[in-house]
Amino acid sequence: MPRDDATLETQLSDQEYVRPPTQFVGQANATDPGIYDRFEATYPDCFEEFAALLDWDDHWDEVLDDSNPPFYEWFKGGSLNASVNCIDRHLEDRKNQTAFVWEGENGDSERIAYQDLYRRVNEMAAVLESVEVAEDDVVTVHLPMIPALPVTMLACARIGAPHSVVFAGFSAQALADRLDDAASDVLVTVDGYYRRGEKLDHKATCDEALDLAETDPETVLLFNRDEALDDSVTIESDDPYVLVEDCLADCAGREVDPVSRDAEDPLFVMYTSGTTGEPKGCQHRTGGYLAHVAWTAKHVLDVKPDDTYWCTADIGWITGHSYIVYGPLALGTTSVMYEGPPDHPHKAISWELCERYDVDIFHTSPTAVRMFMKWGADHLDPYDVDVRHLTTVGEPIQPEAWQWYAEHVGGGDAVVVDTWWQTETGGHMITNLPAIQDMKPGSAGHAVPGVQPTIYDGAGDPVDPASDTAGNLVIERPWPGMLQTVYGDDDRFVSEYWATFSETDSDDPDDWVYKAGDGAVQASDGYFRILGRLDDVMNVAGHRIGTMELESAATTVADVAEAAVTARDDPQKGSVPDVYVVPRAECADPSAIPEAVVEAIESEIGSFARPGNVIVCDALPKTRSGKIMRRLLEDISNGESLGDTTTLRDPSVPEQIRTHVQES
Ligand code: 6R9
């Protein structure tokens with residue numbers, strides 16, 4: 001349920017506007033301020049401008065079919081292939097242009113021209129066909145930031161097999177859960193990769209996932225990262241592994257006809273954390289999704305074919321899907337892809353690569369900006385960084401971090417754009433068009449043309465527009481990039497995203513409202529500012545993690561009776577999870593619990609979800625009806641004073657816990 005408005009902190013401060021530099025405005029893709037009114041006046045037909053950026057096999061008959069809300073259909077009757085839009089159609093003009101320049105952590109590098117990408121994707125599509133992947137089979141892909149990842153995604157798209165990419169940092173259990181949910185017959189992975197100089201045995205994770213999963217994939221296609229890792233991998237003759245290299249040799253030079261997909265056919269599934277322990281498979285359609293990411297990459301990221309664009313996200317998250325793979329490739333640009341983290345092999349690697357590849361547009365997370373800021377501007381000094389456009393995504397960016405980014409990375413003459421959106425929305429939703437609106441540090445800005453964000457109060461009524469009133473962020477009208485459903489679970493799609501603010505027995509689309517799960521405020525100037533999640537989802541360094549997922553991981557520890565997780569504010573990561581656990585009565589050694597809980601979370605989810613503190617306590621604060629008061633724990637984690645505790649079953653519990661926190 002949405003929280004009431006009184007619990008939302010708005011902390012509105014006077015924010016300054018920053019004008020986009022004239023040279024930026026002069027060259028920008030989006031310059032017509034009339035676009036907003038035009039889109040408003042012609043909704044939903046306005047989104048034909050999105051679709052017009054793509055090559056279609058068959059033109060659509062209807063832009064939006066909203067007869068069965070919330071199961072909207074976009075560009076109905078149209079058909080297209082995503083890999084053709086991302087590759088084939090660019091070959092005539094610029095087959096030798098680099099699509100990806102890839103840098104491995106260990107110093108390897110590759111330039112992949114559009115023609116090379118075409119060859120690789122076709123050969124991989126042939127490999128997938130050779131292991132009997134058919135149209136509409138979901139292929140699970142567990143690959144790190146190596147060229148094989150976008151190649152596999154596009155190969156899936158070519159044959160109409162939706163991909164389900166599982167971020168490489170996810171644990172075996174998380175991979176097994178996603179394999180099971182999608183019931184994939186084919187899994188694509190790699191023997192190993194590098195992380196901060198260490199060789200990671202990725203196949204071992206896959207072996208373990210295969211043991212844990214109920215699904216028994218018939219084939220596991222195993223890429224080979226490099227020869228240096230060969231010794232560590234053994235393939236038994238009776239296991240489902242097949243070396244991709246061998247298959248590729250058999251498929252050398254093969255071309256695979258792209259499957260013409262209905263606009264509504266799914267392009268991919270991406271699992272994301274929600275309010276229950278089970279991640280949801282957000283299913284994205286081919287036409288609407290691709291149109292949305294292509295248009296926003298062009299108009300928000302200002303990507304042009306001649307640019308070199310670098311988005312530092314991992315392709316394993318939605319940002320990488322939309323704004324490393326599909327959007328930029330649909331526009332035929334050159335992208336940088338880096339295997340490693342921003343502090344390896346040294347803290348200036350980002351600037352070294354910006355200089356080496358002459359990056360024009362740099363897209364990263366506020367967490368990364370805060371890190372760069374902490375490391376200091378000196379790291380930039382030796383490099384010639386000449387970007388015209390800087391963007392951020394994933395969490396709110398504080399005005400100080402924004403200023404630093406603009407001044408030190410942008411050199412004072414770049415635009416900085418904050419983009420708000422979600423795995424579910426497919427592409428940008430609230431963000432400025434950089435040449436049209438002034439920047440306002442700390443605010444995401446305006447809605448993407450045609451998109452209709454609104455703030456609802458706790459009772460489900462819209463607050464006055466632009467009234468500085470904080471509330472629940474909702475989207476009132478369908479948009480092309482929106483998820484189609486939760487994979488295999490239409491009911492959950494309705495209950496998670498629509499039920500709270502919609503009249504679910506109505507077939508009038510005006511009665512259906514999408515709940516984002518975030519709090520937001522629209523200032524009197526129309527700019528939206530995002531205040532953070534209102535549900536049981538936390539944002540750790542821009543990664544979404546469900547509180548329930550963490551709690552169920554913690555309770556897999558045999559000695560743990562109960563666990564509650566809260567988000568503690570963190571200057572670097574935005575927030576970090578604190579885990580409060582109550583040992584079972586028969587537990588012999590409670591002091592061993594914290595380590596066991598950390599291990600359990602790493603193995604159930606992945607090390608990126610590692611908690612900050614694990615606090616062992618005698619009891620959790622509960623209401624008389626037995627509900628855990630997580631907000632009290634959050635106040636304790638953040639060292640804040642506790643409000644009214646009289647509704648607690650045992651009002652002394654919070655103070656006891658505070659003592660434990662101070663001791664730990
Ligand atoms: C793209 C992506 C979505 C959640 C979202 C919100 C937070 C994303 C933000 C932002 C403030 C921004 N979020 N962008 N918060 N300002 N510019 O991050 O997708 O991983 O699904 O996360 O991230 O809380 O609801 P996803």
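FYI, the numbering just counts along the sequence from 1.
Counting heavy atoms from C-beta outward, Glu604 and Thr556 have side chains that approach closer than 4.5 Å. Between Met482 and Ile475, every side-chain heavy-atom pair lies at or beyond the 4.5 Å cut-off. With a 4.5 Å cut-off on side-chain heavy atoms, Ile545 and Val565 do not count as touching. When side chains are defined from C-beta on, Asp418 does not count as touching Phe528, because their heavy atoms never get closer than 4.5 Å.
Pairs of residues two or more places apart, or lying in two chains, that qualify as salt bridge (Lys or Arg N to Asp or Glu O under 4.0 Å) and include a residue from residues 548-559 are Glu551-Arg630. Residue pairs satisfying the ring pair (Phe, Tyr, Trp, His ring centres under 6.0 Å) criterion with at least one member in residues 560-579, sequence neighbours excluded, are absent. Annotation: ring pair (Phe, Tyr, Trp, His ring centres under 6.0 Å) contacts involving residues 581-601, sequence neighbours excluded, are absent. Listed by first and then second residue, the ring pair (Phe, Tyr, Trp, His ring centres under 6.0 Å) pairs that reach into residues 589-632 are Phe167-Phe608, Phe170-Phe608, Trp317-Phe608, His543-Phe608, sequence neighbours excluded. Residues in residues 552-596 take part in no ring pair (Phe, Tyr, Trp, His ring centres under 6.0 Å) pair, two or more places apart or across chains.
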- Task: Kindly determine whether Tyr17 and Asp525 satisfy side chain to side chain donor-acceptor pair (under 3.5 Å), including the steps that lead there.
- Result: CA-CA 11 Å; Tyr17 298 99; Asp525 56 11; 2.3 Å; yes
What do the steps show when you test His142 against His202 for ring pair (Phe, Tyr, Trp, His ring centres under 6.0 Å), and what is the final call? CA-CA 9 Å; His142 193 44; His202 202 52; 4.4 Å; yes
Report the C-alpha separation of Tyr514 and Glu424 in whole Å, then their side-chain angles, then the decisive distance to 0.1 Å, and conclude whether the side chain to side chain contact (heavy atoms under 4.5 Å, CB included) test is met. CA-CA 10 Å; Tyr514 170 86; Glu424 293 83 349; 3.2 Å; yes
Under the side chain to side chain contact (heavy atoms under 4.5 Å, CB included) criterion, do Thr272 and Gln422 qualify, and how do the steps go? CA-CA 10 Å; Thr272 190; Gln422 309 177 296; over 6 Å; no
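We find that Asp535 and Arg533 are joined by a salt bridge, their nearest charged nitrogen and carboxylate oxygen being less than 4.0 Å apart. Salt-bridge annotation for Arg196 and Asp343: present, with a side-chain N of the basic residue lying under 4.0 Å from a carboxylate O of the acidic one. Comment: Arg631 does not engage Asp635 in a salt bridge, judged by the lack of any side-chain N to carboxylate O separation of less than 4.0 angstrom. Ionic pairing of Glu602 and Arg610 is present here: one or more N-O contacts between side-chain nitrogen and carboxylate oxygen are shorter than 4.0 angstrom. Taking the charged nitrogens against the carboxylate oxygens, Glu655 and Arg658 do have a contact shorter than 4.0 Å, which makes a salt bridge.
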Solution key, residues 399-406 side-chain donor-acceptor pairs under 3.5 Å, sequence neighbours excluded:
| unit_1 | atom_1 | unit_2 | atom_2 | d |
| --- | --- | --- | --- | --- |
| Tyr405 | OH | Phe362 | O | 3.3 |
| Tyr405 | OH | Thr391 | O | 3.1 |

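In this model, no donor atom of one side chain and acceptor atom of the other lie less than 3.5 Å apart for Thr566 and Asp578.
For an aromatic pair to be called close, the ring centres must be under 6.0 Å apart, and His163 with His321 satisfies this. A centroid separation of less than 6.0 Å is found between the aromatic rings of His446 and Tyr527.
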